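Structure first, then comments.
The model shown is predicted, which means the values in this text are computed figures rather than measured ones. The chains referred to below are lettered A, B, ... by the order of the sequence lines, with proteins before strands, and numbering in each begins at 1.
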Amino acid sequence: MTKKQRALKAIEALKELYPVAHCSLDTTGALQLLIATRLSAQCTDARVNQVTPVLFRKFPTLQSFVEADIKDIEDIIRSCGLYKTKAKDIKNMCIDIAQKYGGQVPDTMEDLTSLPGVGRKTANLVLGEVFGKPAVVADTHCIRLSGRIGLTTVTKDAYKVEKELRAILPPEESNDFCHRLVYHGRAVCTARSPKCDQCTLADICISCGKV
DNA sequence: ATCCCGAGGG
DNA sequence: CCCTCTGGAT
């Protein structure tokens, strides 16, 4: 079975298992998703969803973030971890959005990744979720599961995984598929001891029972 | 101990 | 490639 064939089978199987595919960060609009995604690094979505309502109540507009005291942002987001860099990134990305992009979150990979604290993972998520563009979100789950299932050969470099996946995934499927990999990575194909005995991908996965 | 939907710098 | 930033969950 080729990687592309394996991918198509995985797409269909996960579609059946997880009919609804969407980002579990609780946000409204591009700016909130951008900020919530930056907060989600090394942190659970549940924790981010606990923090963002407080954050967005205190800073309801782009301009309020531009004028924010970093310390106030830090105090609110501390429990998400990596709070110093995240707070600085949030303020600085808002400054750039205000000054370079007329107050609108940009809608291209190049412009998004030019923002402080916005890497390819965050940019892809926003491009897919907010702007409806084909995106491959190569996060920790996507990288781990793609490698295990046998869709990719590289395992460490996120950008290489993204490119390998883009080569075999139908563009119109990639966005939802990546979300479903996250669901599956949390529920079944966990980092430490994957539940291969109850995995819907058992018949196509090259690592079934071997991890 | 090891991992969580990362990004930037060396 | 590697490391660091960091709190919380398991």
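- Contact annotation for A/Cys23: base contact, defined as any heavy-atom pair under 4.0 Å involving a base atom.
- Legend: side-chain hydrogen bond (donor to acceptor under 3.5 Å, both in side chains) pairs involving residues 166-175 of chain A, not counting sequence neighbours, sorted by first then second residue: A/Lys15-A/Glu173, A/Glu162-A/Arg166.
- Spacing between B/dC3 and C/dC3 at atom P, rounded to whole Å, works out to 14 Å.
- Annotation: side-chain hydrogen bond (donor to acceptor under 3.5 Å, both in side chains) contacts involving residues 68-77 of chain A, sequence neighbours excluded, comprise A/Asp75-A/Arg78.
- The stretch residues 88-98 of chain A has no heavy atom under 4.0 Å from DNA chain B, so no residue of it qualifies as close.
- A continuous path of Ile, Leu, Val, Met, Phe, Trp and Tyr side chains, each step under 4.5 Å between heavy atoms, connects A/Met1 with A/Ile168, placing both in one hydrophobic cluster.
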Contacts table for residues 92-105 of chain A: side-chain donor-acceptor under 3.5 angstrom, sequence neighbours left out:
from     : atom 1 : to       : atom 2 : distance (Å)
A/Asn92  : ND2    : A/Lys88  : O      : 3.3
A/Asp96  : OD2    : A/Lys100 : NZ     : 3.4
A/Tyr101 : OH     : A/Asp111 : OD1    : 3.4
A/Tyr101 : OH     : A/Ser114 : OG     : 3.0

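- Once you apply a 4.0 Å limit to the heavy atoms of chain A, the touched nucleotides of DNA chain B run 5' to 3' over B/dT2 to B/dG8.
- Scored by the side-chain hydrogen bond (donor to acceptor under 3.5 Å, both in side chains) test, A/Asp89 finds A/Arg38 as partners (sequence neighbours excluded).
- Between A/Thr52 and A/Gln32, the side chains place no donor N or O within less than 3.5 Å of an acceptor N or O (distance only, hydrogens not considered).
- Applying the side-chain contact (heavy atoms from CB on, under 4.5 Å) criterion to A/Cys178, with sequence neighbours excluded, gives A/Val136, A/Val137, A/Cys142.
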Taking only distance into account, with no hydrogens and no angle test, what donor-acceptor pairs under 3.5 Å do side-chain atoms of residues 204-211 of chain A form with protein atoms, sequence neighbours excluded?
from     : atom 1 : to       : atom 2 : distance (Å)
A/Ser207 : OG     : A/Arg148 : O      : 2.6
A/Lys210 : NZ     : A/Ile206 : O      : 3.2

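- Heavy-atom nearest nucleotides on DNA chain B were determined for A/Pro116 and for A/Ser24, and the one closer to the 5' end corresponds to A/Ser24.
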### Message
Across nucleotides 2-10 of chain C, 5' to 3', mark each nucleotide with B, S or - according to how protein heavy atoms within less than 4.0 Å reach it.
### Response
---BBBSSB
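- Spacing between B/dT2 and C/dT4 at atom P, rounded to whole Å, works out to 16 Å.
- Atom-to-atom distance recorded for A/Ile90:CD1 and A/Phe59:CZ is 9.5 Å, nearest 0.5 angstrom.
- Applying a 4.0 Å cut-off to non-hydrogen atoms, the residues of residues 167-184 of chain A that approach DNA chain B are A/His179, A/Val182, listed by residue number.
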Extract all donor-acceptor atom pairs below 3.5 Å that involve side chains of residues 186-200 of chain A and protein atoms in other chains or at least two apart in sequence.
from     : atom 1 : to       : atom 2 : distance (Å)
A/Arg186 : NH2    : A/Ser24  : OG     : 3.2
A/Thr190 : OG1    : A/Ser193 : O      : 3.2

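- In this model, a donor atom of one side chain and an acceptor atom of the other lie less than 3.5 Å apart for A/His179 and A/Glu129.
- Look at the P atom in both C/dT6 and B/dG10: the space between them is 16 Å, to the nearest Å.
- Note on A/Val118 and A/Leu125: same hydrophobic cluster, where clusters join Ile, Leu, Val, Met, Phe, Trp and Tyr whose side-chain heavy atoms are under 4.5 Å apart, directly or indirectly.
- Side-chain contact between A/Lys91 and A/Val66 is absent, with no heavy atoms from C-beta onward closer than 4.5 Å.
- Distance CG/A/Leu39 to CG/A/Leu82: 10.0 Å, rounded to 0.5 Å.
- Listed by residue number, the members of residues 117-130 of chain A with any heavy atom below 4.0 angstrom from DNA chain C form an empty set.
- A cation-pi arrangement is present between A/Lys163 and A/Tyr159 under the rule of less than 6.0 angstrom and at most 45 degrees off the ring axis.
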